[in-house]
Protein chains: 2
Amino acid sequence: MLSKKTKYGLKALTYISRTKSDSPVQVSTISKSEQIPQKFLESILLTLRKAGILGSKKGKHGGYYLRHEPSEIKMTDVMRVLEGPIAMVPCVSLNYYEKCDDCPDENKCSVHRLMIQVRDNTLSVFRNTTLEDLSNE
Amino acid sequence: MLSKKTKYGLKALTYISRTKSDSPVQVSTISKSEQIPQKFLESILLTLRKAGILGSKKGKHGGYYLRHEPSEIKMTDVMRVLEGPIAMVPCVSLNYYEKCDDCPDENKCSVHRLMIQVRDNTLSVFRNTTLEDLSNE
DNA sequence: GTAATCCCTAGTAAATTGATAGGATTAATG
DNA sequence: CATTAATCCTATCAATTTACTAGGGATTAC
């Protein structure tokens, strides 16, 4: 299941991306428009900022803005920040690999081989989708 | 993340499928061989039996067996029983569809459209993989 | 200097996960 | 028929994760 954190994060990014304005977008604005609890959203946008995806401006008339063009923000990056590893098991994770305690030989593990296929398919979707794609329509 | 329940379930099914014997396979045998807590495994195999994937024989020399040929047991069915919906959000689930509270128009929702792609890709893997595939090698 | 904004740390209730406990039921076997 | 070995069933539980909320600190525009 996709966490609400990820869902809210994606919606917020989409919102900011669609807002074609020079001034940064405020948390309260996004919160109201997308029906996201404000304090929760605050913490999510903070995470995205710390990951380098968003930038922020403090104080009055402050807010958040994209650090790069929407077409250059890949879903692989966004998903890893918000949801964590893309793989369903650590033993097939590219970025967070971990050996299974039980499994003596990964190549002979049926679960391993199945999950590699799922990972590759999911990865290809996220690699080929940018924030620009999400923001269209 | 794949739950341990699903992981254990898949490993157990693979084990049973590889055991080419007429007599049913006992929980304790699988438990030892695959390093799965016995009581936990018991409950998992019970679930698979109730879903019609496994059959069981009670009493001495009892155990579990496959109800169909490995080549006819699709991962879509197994995964739905063990892990639940394949979709990452209810609003793109084929079997467990649910509308989002917030989302006024699904076709315009960026998360919705992205998650449909992920679902379709994952689904194609599970549809094209049977227990026989898992059991080879 | 005041209002509006992000920044940061804590805490917390509810749900889920990954088990464990204990026994009831059923069947094979001597 | 008694014993043993299996599944079946219900209940419980600790740890973790999720989805928030609270409360204030720091910064900036005006």
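Chain naming here is simple, since letters A, B, ... match the order of the sequence lines and numbering starts at 1 in each.
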Take B:Val78 and B:Leu131, measure what side-chain contact (heavy atoms from CB on, under 4.5 Å) needs, and give me the verdict at the end. CA-CA 9 Å; B:Val78 177; B:Leu131 186 54; over 6 Å; no

Working for side-chain hydrogen bond (donor to acceptor under 3.5 Å, both in side chains), residues A:Thr19 and A:Ser21: CA-CA 6 Å; A:Thr19 303; A:Ser21 148; over 6 Å; no

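- Heavy atoms only, all atoms of each residue included: B:Thr130 and B:Pro70 are closest at CB-O, 3.5 Å.
- Legend: ring-ring contact (aromatic ring centres under 6.0 Å, His included) pairs involving residues 1-28 of chain B, not counting sequence neighbours, sorted by first then second residue: B:Tyr8-B:Phe40.
- Under the ring-ring contact (aromatic ring centres under 6.0 Å, His included) criterion, no residue pair touches residues 94-137 of chain B, with sequence neighbours excluded.
- Using a 4.0 Å cutoff to heavy atoms of chain A, the contacted part of DNA chain D runs 5' to 3' from D:dA19 to D:dC30.
- With a cutoff of under 4.0 Å to any heavy atom of chain A, the contacted region of DNA chain C is bounded 5' to 3' by C:dA4 to C:dC8.
- Taking a 4.0 Å limit (strictly below) on heavy-atom distances, residues 26-46 of chain A reaches DNA chain D at A:Pro37, A:Lys39, A:Phe40.
- Taking every heavy atom of residues 51-70 of chain A and every atom of DNA chain D, pairs under 4.0 Å involve A:Lys57, A:Lys58, A:Gly59, A:Lys60, A:His61, by number.
- B:Asp120 meets the salt bridge (Lys or Arg N to Asp or Glu O under 4.0 Å) test with no other residue; sequence neighbours excluded.
- Looking at B:Arg18, its side chain does come within 3.5 Å of a backbone N or O of B:Ser135 through a donor-acceptor pair.
- B:Lys7 comes within contact range of no nucleotide atom at all, as no heavy-atom separation falls under 4.0 Å.
- Not counting sequence neighbours, the partners of A:Ser110 by the side chain to side chain contact (heavy atoms under 4.5 Å, CB included) test are A:Arg113, B:Thr14, B:Leu134.
- The list of side chain to side chain donor-acceptor pair (under 3.5 Å) pairs with a residue in residues 31-52 of chain A, not counting sequence neighbours, is empty.
- Partners of A:Lys60 under the salt bridge (Lys or Arg N to Asp or Glu O under 4.0 Å) rule, at least two apart in sequence or in another chain, do not exist in this structure.
- By the salt bridge (Lys or Arg N to Asp or Glu O under 4.0 Å) test, A:Glu83 is found to be paired with no residue, residues two or more places apart in sequence or in another chain being considered.
- Partners of A:Tyr64 by ring-ring contact (aromatic ring centres under 6.0 Å, His included), not counting sequence neighbours: none found.
- Between B:Ser3 and A:Val25, the one whose closest nucleotide on DNA chain C sits nearer the 5' end is A:Val25.
- Surrounding NZ of A:Lys99 are more than 12 heavy atoms belonging to other residues, nucleotides or ligands, all under 6.0 Å away.
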